[in-house]
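Shown next, in structure tokens, is the structure this report addresses.
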Amino acid sequence: QALRLLVDMASAHVELDTITYNAAVSACEKGGQWDQALRLLVEMASAHVELDTITYNAAVSACEKGGQWDQALRLLVDMASAHVELNTITYNAAVSACEKGGQWDRALRLLVE
């Protein structure tokens with residue numbers, strides 16, 4: 001529903017901003033659609049919409065819930081490359097993703113950071 005609303009807003013020429021996209025990425029996270037959350041991040045970058053800590057945290061959480069630990073860790077690298085702040089929420093979701101994927105060594109490395 002949230003994604004349909006995003007499409008409708010774009011069709012009505014409503015400017016989609018970081019807050020609008022963050023709501024959609026969060027909806028994907030809650031709906032277990034990690035792949036759609038990642039597509040939205042690509043769409044945001046293509047549209048030159050700023051990806052912030054909230055954006056990435058929702059996407060990392062979506063990957064965590066979807067069992068995609070490798071994608072969650074890739075997002076942490078992307079955040080650092082884009083100079084976006086990684087916070088406690090970011091690390092908690094990434095550690096949880098690694099734990100669920102049986103990647104204990106990676107989870108421990110994140111705890112050291």
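As the structure is a prediction and not an experimental result, all values here were calculated from the model.
Contacts of Val95 classified as side-chain contact (heavy atoms from CB on, under 4.5 Å), with partners at least two apart in sequence or in another chain: Ala107, Leu110, Leu111. Take Asp70 and apply the salt bridge (Lys or Arg N to Asp or Glu O under 4.0 Å) test, not counting sequence neighbours, and it matches no residue. Applying the side-chain contact (heavy atoms from CB on, under 4.5 Å) rule to Ala82 yields the partners Tyr56, Val84; only residues at least two apart in sequence or on another chain are considered. Remark: Asp78 engages Arg74 in a side chain to side chain donor-acceptor pair (under 3.5 Å) (not counting sequence neighbours).
In terms of heavy-atom proximity, Glu85 sits nearest to Met79 at O-CE, 3.2 Å. Cys63 and Leu75 get closest at one heavy-atom pair: SG-CD1, 4.0 Å.
Ser81 places a side-chain N or O within 3.5 Å of a backbone atom of Val77 that can act as its donor or acceptor partner.
Atoms CD1 and OG1, from Ile89 and Thr53 in turn, are 9.5 Å apart once rounded to the nearest 0.5 Å. Rounding to the nearest 0.5 angstrom, the gap separating the OG1 atom in Thr55 from the CG atom in Leu41 is 6.5 Å.
Sorted by first and then second residue, the salt bridge (Lys or Arg N to Asp or Glu O under 4.0 Å) pairs with a member in residues 47-68 read Glu29-Lys65, Glu64-Lys100; sequence neighbours excluded.
In the displayed structure, Ile54 atom CD1 is contacted under 6.0 Å by at most 12 heavy atoms of other residues, nucleotides or ligands.
The shortest distance between side-chain heavy atoms of Leu16 and Val49 does not fall below 4.5 Å.
Cluster annotation: Leu76 is not connected to Trp104 through the hydrophobic network of ILVMFWY side chains, with a link wherever side-chain heavy atoms come within less than 4.5 Å.
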